[in-house]
Amino acid sequence: MMTPIFLYRLHQRALILNLGTWPDLLAQLSLKLGLRRRVTLLQSATRPIPLTFGFLSPKILLPADAHDWTPDRRRVVLLHELAHIKR
């Protein structure tokens with residue numbers, strides 16, 4: 001299990017992913033799912049798989065190679081992670 005301290009450190013070391021098509025895709029999919037909370041999209045060189053955390057301030061952490069993903073994979077991964085937040 002990931003402790004709050006571990007998640008805090010991940011968050012501190014991650015970069016906010018607000019360039020390219022990522023912010024628009026995140027906004028579009030959040031709207032589609034009816035999410036009212038703002039979701040922060042992060043990128044980390046230390047995590048090999050996507051990760052969602054944060055209850056009041058949800059965050060999605062993507063791996064460093066996410067920029068190489070196809071548009072379809074980006075959409076599927078974000079939908080999956082946003083579904084966790086919706087729940």
Side-chain angles (χ1 to χ4, degrees):
M1 179 172 186
M2 294 185 205
T3 65
I5 292 172
F6 177 78
L7 293 174
Y8 175 80
R9 287 182 182 156
L10 273 179
H11 178 251
Q12 292 302 309
R13 294 179 183 146
L15 300 173
I16 295 176
L17 190 56
N18 58 2
L19 299 173
T21 60
W22 286 105
D24 290 337
L25 181 58
L26 179 65
Q28 174 191 24
L29 297 176
S30 294
L31 183 63
K32 180 179 180 174
L33 292 175
L35 289 174
R36 296 182 183 149
R37 291 180 284 170
R38 183 177 162 266
V39 178
T40 302
L41 195 56
L42 304 169
Q43 191 170 29
S44 172
T46 61
R47 297 296 302 170
I49 59 172
L51 170 70
T52 299
F53 63 97
F55 180 72
L56 297 176
S57 179
K59 295 162 187 56
I60 297 174
L61 184 69
L62 298 174
D65 69 344
H67 65 276
D68 293 331
W69 293 351
T70 65
D72 285 338
R73 183 171 181 196
R74 289 178 183 203
R75 183 177 180 81
V76 168
V77 169
L78 283 184
L79 275 172
H80 176 87
E81 298 303 324
L82 288 169
H84 287 297
I85 293 168
K86 175 96 174 154
R87 269 189 300 132

Any non-hydrogen side-chain atom of [X] less than 4.5 Å from a side-chain atom of [Y]?
X: Pro50; Y: Pro63; value: yes
X: Leu82; Y: Ser30; value: yes
X: His80; Y: His84; value: yes
X: Ile60; Y: Val77; value: no

Please answer whether the main-chain N or O of Thr70 pairs with a side-chain N or O of Arg75 as donor and acceptor at a distance below 3.5 Å.
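It does not hold such a pair.
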Say whether, by atom type as modelled, one donor and one acceptor occur between the side chain of Gln43 and the main chain of Ala64 under 3.5 angstrom.
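At least one qualifying donor-acceptor pair exists.
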Nearest 0.5 Å, please: how far is [atom2] in [Y] from [atom1] in [X]?
X: Phe55; Y: Ile85; atom1: CZ; atom2: CD1; result: 11.5 Å
X: Leu29; Y: Asp24; atom1: CG; atom2: CG; result: 10.5 Å
X: His67; Y: Leu19; atom1: NE2; atom2: CG; result: 12.0 Å
X: Asn18; Y: Thr40; atom1: CG; atom2: OG1; result: 10.0 Å
X: Leu26; Y: Leu31; atom1: CG; atom2: CG; result: 11.0 Å

Thr52: which of Arg87, Glu81, Lys59 passes side-chain hydrogen bond (donor to acceptor under 3.5 Å, both in side chains)
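Passing option: Glu81.
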Identify the heavy atoms of [X] and [Y] that sit nearest to each other, and give their distance.
X: Trp22; Y: Ala66; result: CZ2-O, 3.4 Å
X: Ala14; Y: Leu42; result: CB-CB, 3.9 Å
X: Ala83; Y: Leu33; result: N-CD1, 4.1 Å
X: Leu17; Y: Leu62; result: CD2-CD1, 3.8 Å

Show the numbers, then the answer: is there a side chain to side chain contact (heavy atoms under 4.5 Å, CB included) between Thr46 and Arg13?
CA-CA 9 Å; Thr46 61; Arg13 294 179 183 146; 5.7 Å; no
Report yes or no: do Val39 and Trp69 belong to one cluster of Ile/Leu/Val/Met/Phe/Trp/Tyr joined by side chain heavy-atom distances under 4.5 Å?
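Same cluster: Val39 reaches Trp69 through Ile, Leu, Val, Met, Phe, Trp or Tyr contacts under 4.5 Å.
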Verify same cluster id: Leu25, Val76 (apolar side-chain graph, 4.5 Å):
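Shared cluster, no.
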I'd like to know whether CZ of Arg37 has more than 12 heavy-atom contacts from other residues, nucleotides or ligands below 6.0 angstrom.
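Enclosed.
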Under 6.0 Å from the CD1 atom of Ile16, do we count more than 12 heavy atoms belonging to anything else shown?
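Counting other residues, nucleotides and ligands, CD1 of Ile16 stays at 12 neighbours or fewer.
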